[in-house]
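A short write-up of the structure that comes next.
Positions are given from 1, in the same order as the sequence printed here. Quick caveat: nothing in here was measured; it's all calculated off a predicted structure.
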Amino acid sequence: MTEKMQISAVPSLSNKTVSKLPSDVKIPIYDRNNLAAGIVHIGLGNFHRAHQAWYLHRLMQQGQAHDWAIIGAGVKEFDEGQRLKLLAQDFLTTLVELSPVGRTVEVVGSMIDYVPIEADNGPLIAQMAKPEIKIVTLTVTEGGYYIDPVSKSFDSSHPDIAYDAAHPEAPKTAFGAMVAALRLRRDSGVGPFTCQSCDNLQGNGATLRQVIVALAGLSDPKLSKWIAANCSFPNSMVDCIVPATTSKELALVHDLGISDEVPVTHEDFRQWVIEDNFVNGERPDLAAAGAQMVDDVTSFERMKLRCLNGTHSSLAYLGYLAGYETIFDTVSNPDFARYCQRLWSAEIIPSLNPPEGTNLPDYAQALFERYSNPAIRHLTWQIAMDGSQKLPQRIMETVTYLLKNGKSFKGLALAIAAWIQYAVSYTHLTLPTKA
């Protein structure tokens, strides 16, 4: 009874209560009633809200981008639960930045709506077809693009894709919904939108283009050609360590005086490198919020995927099998710390051509300092999930380079062996569940 009374004493986060939050909580200083949507984002998880949504929020705090607000969306039944939680708090999200020396709390208000989840994706298609929507962004995970990890070809035989090809006006997938919306925009004369992947995937824009153009071609070859000629698919590199939200994070936010059903914790680092390739040049001024707008993101992508994600996955498998709960716990073991440093110096860095002005040993050292942040409880089992989809780009591309050049890859071979052991033992593992 006492616990329930204590919880109810903290008012639920909303437009009405946000101004009453503790004085050390940063809140939106812009009028959210005057925001207008310009972006639909599909796959509204923790990473999006700590990353892309924050960049838009930062612009709005500067008095910009008021016509670039975000409308959230999803295509899975479980997305409806997330939608209802966010709806109840007027789509506000509490972000807790955790640094080694303290924390900063901010409420982000750049999202203004969330499309209802329906089996035929009708509401989502209708929303994306509206002329004010200029950009559709996605975070659907590395393995969510229906691309064969070995051949890199589009898997047109997948049951979901076959269904969308047979039912183009009532598709199952996010990509099918985008194709359906683009068909409506072409037919009505509204014109194309920019399709922007925010997933941790090398060549994410090119991959998204491959999927959308190929899927459209299965049902409407003329539409496929129109999309290829008129839509843009900018590549990007995204970086921020964002753990899953568990009961611990919910309790943390409540103790800070905020009742938020879906808060997000993250490290004190963000990076977003974006190919400046948008339909008609229409986009928010993301550089003013700290994003890097470039002509080619390839070197940034490879550096991040191999240096960060490659070691992150290696430490996750080995750390989990050794009984460590988080990456911080893992690198606190001197043996694993030395292993990680050796991966960078002996195997990963020699495989890379760095972005101009970047010192790779310094970059690796900065990564190690991020891993060593005791406030970030990034769970090894969370990082270890979906290894068959992640490892081809995180580890195997480095291994391929080393093999071609006659160099040793015994450190990465150990990581691959750990993944195999993890996968073989998976049915016997008891993994935690999200709150």
* **Side chain Q382, main chain A244, donor-acceptor under 3.5 Å** => yes
* Kindly say whether A289 contributes a backbone atom to a donor-acceptor pair with the side chain of R58 at under 3.5 angstrom? => yes
* Asked: Checking side chain to side chain contact (heavy atoms under 4.5 Å, CB included) for the pair F193/V279: CA distance, chi angles, key distance, verdict?
  -> CA-CA 6 Å; F193 51 63; V279 172; 5.9 Å; no
* At their closest point, which heavy atom of C307 faces which heavy atom of L352, and how far apart are they? -> SG-CD1, 3.6 Å
* **Distance-only donor-acceptor check, side chains E369 and S372, under 3.5 Å** => no
* Asked: So which heavy atom on R83 is nearest to which on V115, and how close?
  -> CD-O, 3.3 Å
* **Beyond-backbone contact of T141 with D386, side-chain heavy atoms, under 4.5 angstrom** => no
* Asked: Between E169 and R183, is there a salt bridge with N-O shorter than 4.0 Å?
  -> no
* Asked: Do any N or O atoms from the side chain of K304 and from the backbone of V238 form a donor-acceptor pair under 3.5 angstrom?
  -> yes
* To do: Take the angle between the ring planes of Y163 and H167 and call it parallel below 30°, perpendicular above 60°, tilted in between.
  => parallel
* To do: Let me know which of Q196, M128, Q127 forms a side-chain contact (heavy atoms from CB on, under 4.5 Å) with V136.
  => M128
* Side-chain heavy atoms of W419 within contact of L391, under 4.5 Å -> yes
* **Pair S425, Q421: side-chain N/O donor-acceptor within cut-off below 3.5 Å** => yes
* Closest heavy-atom contact between V40 and A73? -> CG1-CB, 4.1 Å
* Might you point out which heavy atoms bring L315 and C340 nearest each other, and give the distance in Å? => CD1-SG, 3.9 Å
* Asked: So which heavy atom on T330 is nearest to which on G319, and how close?
  -> OG1-CA, 3.7 Å
* Below 6.0 angstrom between ring centroids: does that apply to F175 and Y145? -> yes
* **Rounded distance (nearest 0.5 Å) linking atom CG of D24 with atom CG of L256** => 7.5 Å
* **Note, Q393 side chain near L201 side chain (heavy atom, < 4.5 Å)** => yes
* Asked: Rounded to the nearest 0.5 Å, how far apart are CG of L138 and CG of L44?
  -> 11.5 Å
* Structure fact -> Here the gap from L343 atom CG to I349 atom CD1, rounded to the nearest 0.5 Å, amounts to 10.5 Å
* Between N277 and S232, is there a donor-acceptor pair closer than 3.5 Å when you use the side chain of the first and the backbone of the second? -> no
* Asked: Between R283 and T194, do the side chains contain an N or O donor and an N or O acceptor separated by less than 3.5 Å?
  -> no
* Asked: Would you say the side chain of V179 lies within less than 4.5 Å of the side chain of P168, judging by non-hydrogen atoms?
  -> no
* To do: Kindly indicate whether the side chain of L86, heavy atoms from C-beta on, has any atom under 4.5 Å from the side chain of T93.
  => yes
* **Contact check, side chains of I161 and D155, non-hydrogen atoms, under 4.5 Å** => no
* **Side-chain donor/acceptor of E80 to backbone N/O of I117, under 3.5 Å** => yes
* To do: Check the angle between the aromatic planes of Y371 and H312 and answer parallel, tilted or perpendicular using the 30° and 60° thresholds.
  => parallel
* State, with a plain yes or no, whether a side-chain heavy atom of I227 is found less than 4.5 Å away from one of F233. => yes
* To do: Check the side chains of K134 and N280 for a donor-acceptor pair under 3.5 angstrom, ignoring hydrogens and angles.
  => no
* Does Q64 reach the main-chain N or O of D285 with its side chain, forming a donor-acceptor pair under 3.5 Å? -> no
* **Check against salt bridge (charged side-chain N to carboxylate O under 4.0 Å, His left out), E325 and R377** => CA-CA 8 Å; E325 184 181 16; R377 307 295 293 173; 3.6 Å; yes
* To do: Check for a donor-acceptor pair, side chain of T139 on one end and backbone N or O of G43 on the other, with a separation under 3.5 Å.
  => yes
* **Heavy-atom neighbours of D120 CG exceed 12 at 6.0 Å** => yes
* Ignoring hydrogens and angles, tell me if any N or O in the side chain of S110 forms a donor-acceptor pair with the backbone of W54 under 3.5 Å. => no
* All ring-ring contact (aromatic ring centres under 6.0 Å, His included) counterparts of Y55, not counting sequence neighbours -> H51, W272
* Asked: Does a side-chain heavy-atom distance below 4.5 Å link V107 with P28?
  -> yes
* To do: Give the ring-plane orientation class for H41 versus H48, where under 30° counts as parallel, over 60° as perpendicular and anything between as tilted.
  => parallel
* CG of N309 to NZ of K390: how many Å apart, nearest 0.5 Å? -> 8.5 Å
* Asked: Quick one: salt bridge (charged side-chain N to carboxylate O under 4.0 Å, His left out) pairs with a partner in residues 259-270, sequence neighbours left out?
  -> E267-R370
* Shortest non-hydrogen contact from N121 toward K172 -> ND2-O, 3.3 Å
* Does H266 have any ring-ring contact (aromatic ring centres under 6.0 Å, His included) partners at least two apart in sequence or in another chain, and if so, which? -> none
